[in-house]
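The structure under discussion appears below in the form of structure tokens.
Throughout, a chain's letter reflects where its sequence line sits, starting with A, and its residues are numbered from 1.
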Number of protein chains: 2
Amino acid sequence: MRRAKHRERPPLSRELILAAVLRAIDDEGVEALSVRRLAGDLGVFPTALYYYLPSKDAMLRGVVELVLDEMDLSLAAHGDWRERVRSLCHALRRVGHAHPRLFPYLIAYPEITLQEYRLYEGLYRALEEAGLDAARIVHAGNLIFAYASGFTLAEVNAAIGPSTPAEIDELGTLPVEEFPATHRLAGRLRALDLDHSFGAGIDTIIAGLTAG
Amino acid sequence: MRRAKHRERPPLSRELILAAVLRAIDDEGVEALSVRRLAGDLGVFPTALYYYLPSKDAMLRGVVELVLDEMDLSLAAHGDWRERVRSLCHALRRVGHAHPRLFPYLIAYPEITLQEYRLYEGLYRALEEAGLDAARIVHAGNLIFAYASGFTLAEVNAAIGPSTPAEIDELGTLPVEEFPATHRLAGRLRALDLDHSFGAGIDTIIAGLTAG
DNA sequence: ATTTCTATTGTCCGGTGTACAACAACGTCG
DNA sequence: CGACGTTGTTGTACACCGGACAATAGAAAT
């Protein structure tokens, strides 16, 4: 009987817990995550989780690594250096789209993970191939990474907040005399295609790197 | 007598509270902020604060607006369009340096404030002056804003975490066979001047905009 | 002097992370 | 086959949190 009960709920494990953490964060956001409700979801007492993870922070750390390790960098191994740079940027952006509520936390995470170094390594190799000197490679790496993460961050924040429609209406309410240029561009801003804009940004950076 | 006591602690006000919130966040970070300790700092009972701000969220919202409104965009009004773009980027970065622990929260804030629109307006005017067409201006605006915020975010995260020295040591521990390019650049990475790198990124973007 | 309003105090509730001790189930070995 | 130590889970406890609500003190107005 007890055995049957035991079978109902598979035994806990680090992986199982982290998967539940990720699910909870995707659904309700990082700040809504609580050890108690997490335990409830897993059908277990809160403190049981502490057997596998030493603290809530460790859970968050674990989920950050989990998601980063999911990031597929394989596409960035082949092709022209420009294509590889684009591919790396899109890989980062895909992570943001897959887990929008985790992404700000992930980006803000103080410690650098191995996977992050891999991303930079891919960037550096591509930029070496582009024929840039060492100083410019380092700066270009920072530029590209900052752009890709900043763009994605802005995207996911807009996506989880009061949604974009609100902002779009807001655009019309700006006083024309203080925001003439914004009003001139209002049409384009409303019809903005983020996929396209992201790609255009990368292309501008690439153009700047080859022009200099 | 009671008057004297009254004089000891100036009466509460929204501004006074928000200033204390900002001080607390600068010192201990956003997640360490508690209404109770805040009230303690102000020599008042916790619930007194709720007379001026309806919730803790409102305090955070208020402090975000406060800091954004501090942002000095006046320098971006004159000079060559390139100079103005640089000036706007640096204004954003200065905010991050002034309040590193608030900055991630600020950047992640879902609602767009007036001041943020002013920054974009400045950007759009400069880019119009550069002779770009409407579509390219919108993309360039996104590119520049994403870069400036992404770069600054990475900076402040590194600054408040276990500090940069730790990462620098970490660089040497990466396996050479998997990270050859990173190792080739290790010297440059260790000696990285962030001010210079930030400027170099802007210049690359500007070059890309004028080249295309 | 009495009323009215404003700012502050007190009390209360449900929820949080997690330290610590107890306990049940299990594999291993005598 | 039976005792034992390990592993995984339970249960209790504590100090903290944000915030709703009612009660009150003090100043201003009448």
Side-chain angles (χ1 to χ4, degrees), chain A residues 1-64 101-102 105 108-110, chain B residues 1-64 101-102 105 108-110:
Chain A
M1 280 298 124
R2 290 166 211 149
R3 286 185 152 271
K5 185 185 176 187
H6 202 272
R7 293 273 156 82
E8 283 171 21
R9 175 178 54 70
L12 244 37
S13 71
R14 205 187 115 97
E15 289 69 29
L16 207 147
I17 294 173
L18 289 183
V21 171
L22 183 53
R23 236 180 298 121
I25 289 179
D26 282 345
D27 289 351
E28 318 173 56
V30 176
E31 50 282 334
L33 180 75
S34 104
V35 176
R36 287 171 142 85
R37 288 190 307 131
L38 196 61
D41 291 350
L42 291 164
V44 106
F45 273 61
T47 49
L49 308 181
Y50 285 86
Y51 185 79
Y52 300 92
L53 285 312
S55 70
K56 187 185 180 183
D57 255 25
M59 298 179 197
L60 287 169
R61 164 85 191 177
V63 103
V64 164
R101 320 192 83 136
L102 178 64
Y105 187 86
Y109 208 80
Chain B
M1 284 299 125
R2 291 164 211 149
R3 284 184 155 271
K5 184 185 175 186
H6 202 273
R7 294 270 156 85
E8 283 172 23
R9 176 178 54 69
L12 245 37
S13 71
R14 205 186 115 97
E15 289 70 28
L16 207 146
I17 295 174
L18 288 183
V21 171
L22 183 53
R23 235 179 300 121
I25 289 179
D26 282 344
D27 289 350
E28 318 173 56
V30 177
E31 50 282 336
L33 180 75
S34 106
V35 176
R36 286 168 143 85
R37 287 189 308 131
L38 196 62
D41 292 349
L42 291 164
V44 106
F45 273 60
T47 49
L49 307 181
Y50 285 89
Y51 184 80
Y52 299 92
L53 284 311
S55 70
K56 187 186 181 182
D57 255 26
M59 298 179 198
L60 287 168
R61 164 85 191 177
V63 104
V64 164
R101 321 191 81 137
L102 178 64
Y105 188 86
Y109 208 81

### Query
Mapping A:Ala32 and A:Pro54 onto DNA chain C by nearest heavy atom, which one lands closer to the 5' end?
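Per heavy-atom nearest nucleotide, the more 5' residue is A:Ala32.
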Taking all non-hydrogen atoms of both residues, which atom of [X] and which atom of [Y] are closest, and how far apart?
{"X": "B:Ala20", "Y": "B:Leu42", "result": "CB-CD2, 3.9 Å"}
{"X": "B:Ala39", "Y": "B:Phe45", "result": "CB-C, 3.7 Å"}
{"X": "A:Arg101", "Y": "A:Asp26", "result": "CD-O, 3.2 Å"}
{"X": "B:Leu38", "Y": "B:Ala24", "result": "CD1-CB, 4.3 Å"}

Quickly work out the [X] [atom1] to [N] [atom2] distance and round it to whole Å.
{"X": "A:Glu31", "N": "C:dG17", "atom1": "CD", "atom2": "P", "value": "13 Å"}
{"X": "B:Leu33", "N": "D:dG18", "atom1": "CG", "atom2": "P", "value": "7 Å"}
{"X": "B:Leu49", "N": "D:dC17", "atom1": "CG", "atom2": "P", "value": "13 Å"}
{"X": "B:Ile17", "N": "C:dT8", "atom1": "CD1", "atom2": "C1'", "value": "11 Å"}
{"X": "B:Tyr50", "N": "C:dA7", "atom1": "OH", "atom2": "P", "value": "18 Å"}
{"X": "A:Arg14", "N": "D:dG8", "atom1": "CZ", "atom2": "P", "value": "14 Å"}
{"X": "A:Leu38", "N": "C:dG15", "atom1": "CG", "atom2": "C1'", "value": "15 Å"}
{"X": "A:Met59", "N": "C:dT16", "atom1": "CE", "atom2": "C1'", "value": "13 Å"}

Give the nucleotide from the list [options] with an atom nearest to the side chain of [X].
{"X": "A:Arg36", "options": "D:dT10, D:dC17, D:dA13", "result": "D:dA13"}
{"X": "B:Tyr51", "options": "D:dT9, C:dA7, D:dC17", "result": "C:dA7"}
{"X": "A:Tyr52", "options": "C:dT18, D:dG8, C:dT8", "result": "D:dG8"}
{"X": "B:Lys56", "options": "C:dT9, D:dG11, D:dG18", "result": "D:dG18"}
{"X": "A:Arg37", "options": "C:dT16, C:dT9, D:dT9", "result": "C:dT16"}
{"X": "A:Ala48", "options": "C:dA7, D:dG19, D:dT9", "result": "D:dT9"}
{"X": "B:Ser34", "options": "C:dG17, C:dT11, D:dC17", "result": "D:dC17"}

### Query
Checking all strands, does B:Thr47 fall into the base, sugar-phosphate, or nothing category for heavy-atom contacts under 4.0 angstrom?
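Base: the residue B:Thr47, judged by heavy atoms under 4.0 Å, touches a nucleobase.
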### Query
Is the shortest heavy-atom distance from the side chain of B:Tyr50 to the side chain of B:Val35 under 4.5 Å?
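B:Tyr50 reaches B:Val35 side chain to side chain.
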